[in-house]
Student: 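Supplied in structure tokens, the structure appears directly below.
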Amino acid sequence: KQEVTQIPAALSVPEGENLVLNCSFTDSAIYNLQWFRQDPGKGLTSLLLIQSSQREQTSGRLNASLDKSSGRSTLYIAASQPGDSATYLCAVRVTGNQFYFGTGTSLTVIP
Amino acid sequence: DTAVSQTPKYLVTQMGNDKSIKCEQNLGHDTMYWYKQDSKKFLKIMFSYNNKELIINETVPNRFSPKSPDKAHLNLHINSLELGDSAVYFCASSQAHEQFFGPGTRLTVL
């Protein structure tokens, strides 16, 4: 069964710093990997979607990479801002429209 | 326009009651989901429907019964609510690739 882990569980950085969030999955047979952001008391907002054939995707200050063979993905956030403070979740899609979520990284960007 | 909507946003009820949560998506997606997010913020899939047919049913107590009257709606009915059912329930939809989530329903069982 697929297991998805995110490290670190929590991260606190000063504004302006570049940072990397990590996502690991145990079974490399995935269709895609999606990064989400969740603000307190809110739903999930999709940030980036990487298909299994892709190596990376970029959107603004965000860059997500995927190394399927090693079961890893990273989310790079450049020039962090206080508004980036949220919980970041990764999810992998496997056969049968099944999605497995990671445990999340709680990010705090200090002004 | 709200892509995936859920009602109610908050639900507080007594143990033993029966309650329903409604979900609607206007994205034209074929697949809809229900997830449960526990107090540690871990998201776990409960059900998945594709074109009104159940395709995923994780190990969820049979007190939980999803109902899909049409492709755009997936409702969740819960019988005989228990304290452990307290959580945030998220509805989502997808069309093969990307998932889109509703705002969540916070259920509190007293």
Side-chain angles (χ1 to χ4, degrees), chain A residues 1-11 21 23-25 30-54 57 59 62 64 66 73 85-108, chain B residues 2-7 9-10 21 23-25 27 29-60 68 71 74 87-108:
Chain A
K1 185 181 174 180
Q2 182 75 264
E3 289 186 8
V4 184
T5 307
Q6 291 184 245
I7 294 173
L11 183 62
L21 308 180
C23 172
S24 302
F25 46 96
I30 66 169
Y31 284 117
N32 61 45
L33 185 145
Q34 194 169 355
W35 281 95
F36 293 90
R37 159 189 182 134
Q38 185 175 25
D39 292 285
K42 306 282 187 184
L44 279 70
T45 302
S46 179
L47 297 173
L48 288 164
L49 172 72
I50 312 177
Q51 300 294 349
S52 62
S53 58
Q54 297 175 321
Q57 282 286 338
S59 176
L62 306 180
L66 175 64
S73 175
S85 298
T87 295
Y88 290 80
L89 295 157
C90 65
V92 296
R93 178 176 171 244
V94 300
T95 185
N97 268 333
Q98 175 73 284
F99 291 83
Y100 290 91
F101 275 81
T103 43
T105 294
S106 176
L107 173 66
T108 303
Chain B
T2 303
V4 183
S5 59
Q6 294 179 229
T7 54
K9 188 170 173 61
Y10 299 97
I21 308 171
C23 177
E24 176 180 3
Q25 54 98 1
L27 298 167
H29 289 168
D30 288 334
T31 308
M32 296 184 72
Y33 309 82
W34 276 108
Y35 286 88
K36 179 180 180 180
Q37 188 173 45
D38 60 25
S39 57
K40 294 182 181 176
K41 306 298 183 189
F42 185 63
L43 263 168
K44 189 165 191 278
I45 193 167
M46 300 172 68
F47 301 101
S48 174
Y49 267 73
N50 184 267
N51 277 320
K52 302 193 298 174
E53 298 293 327
L54 179 66
I55 56 172
I56 295 173
N57 181 357
E58 290 295 297
T59 50
V60 176
S68 182
K71 207 172 76 166
L74 181 62
V88 181
Y89 292 84
F90 286 99
C91 175
S93 73
S94 74
Q95 188 74 11
H97 300 301
E98 196 171 359
Q99 282 192 104
F100 294 86
F101 278 76
T105 295
R106 181 173 293 277
L107 171 65
T108 303

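Just so we're on the same page: letters track the sequence lines, and every chain starts at 1.
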Student: More than 12 non-hydrogen atoms from neighbouring residues, nucleotides or ligands closer than 6.0 Å to CD on A:Glu3, yes or no?
Tutor: no

Student: Given heavy-atom pairs under 4.5 angstrom as the criterion, report whether the side chain, backbone, both or neither of B:Leu43 touches chain A.
Tutor: both

Student: So which of B:Arg106, B:Gln99, B:Lys44, B:Gln37 has the largest heavy-atom pair count under 4.5 angstrom toward chain A?
Tutor: B:Gln99

Student: Of the non-hydrogen atoms in B:Glu98 and A:Ser46, which two are nearest, and what is the gap between them?
Tutor: OE2-OG, 2.7 Å

Student: Where do A:Thr87 and B:Lys41 land on the side-chain contact (heavy atoms from CB on, under 4.5 Å) test, with the steps shown first?
Tutor: CA-CA 9 Å; A:Thr87 295; B:Lys41 306 298 183 189; 5.7 Å; no

Student: At a heavy-atom separation under 4.5 Å, does A:Leu44 approach chain B through its side chain, its backbone, both, or neither?
Tutor: both

Student: Side chain, backbone, both or neither: which part of B:Gln6 has a heavy atom under 4.5 Å from chain A?
Tutor: neither

Student: When the aromatic ring centroids of B:Tyr33 and A:Phe99 are compared, is their separation below 6.0 Å?
Tutor: yes

Student: Compare every heavy atom of B:Phe90 with every heavy atom of A:Lys42, then report the nearest pair and how far apart it is.
Tutor: O-CZ, 3.7 Å

Student: Centre-to-centre under 6.0 Å for A:Phe36 and B:Tyr35, is that the case here?
Tutor: no

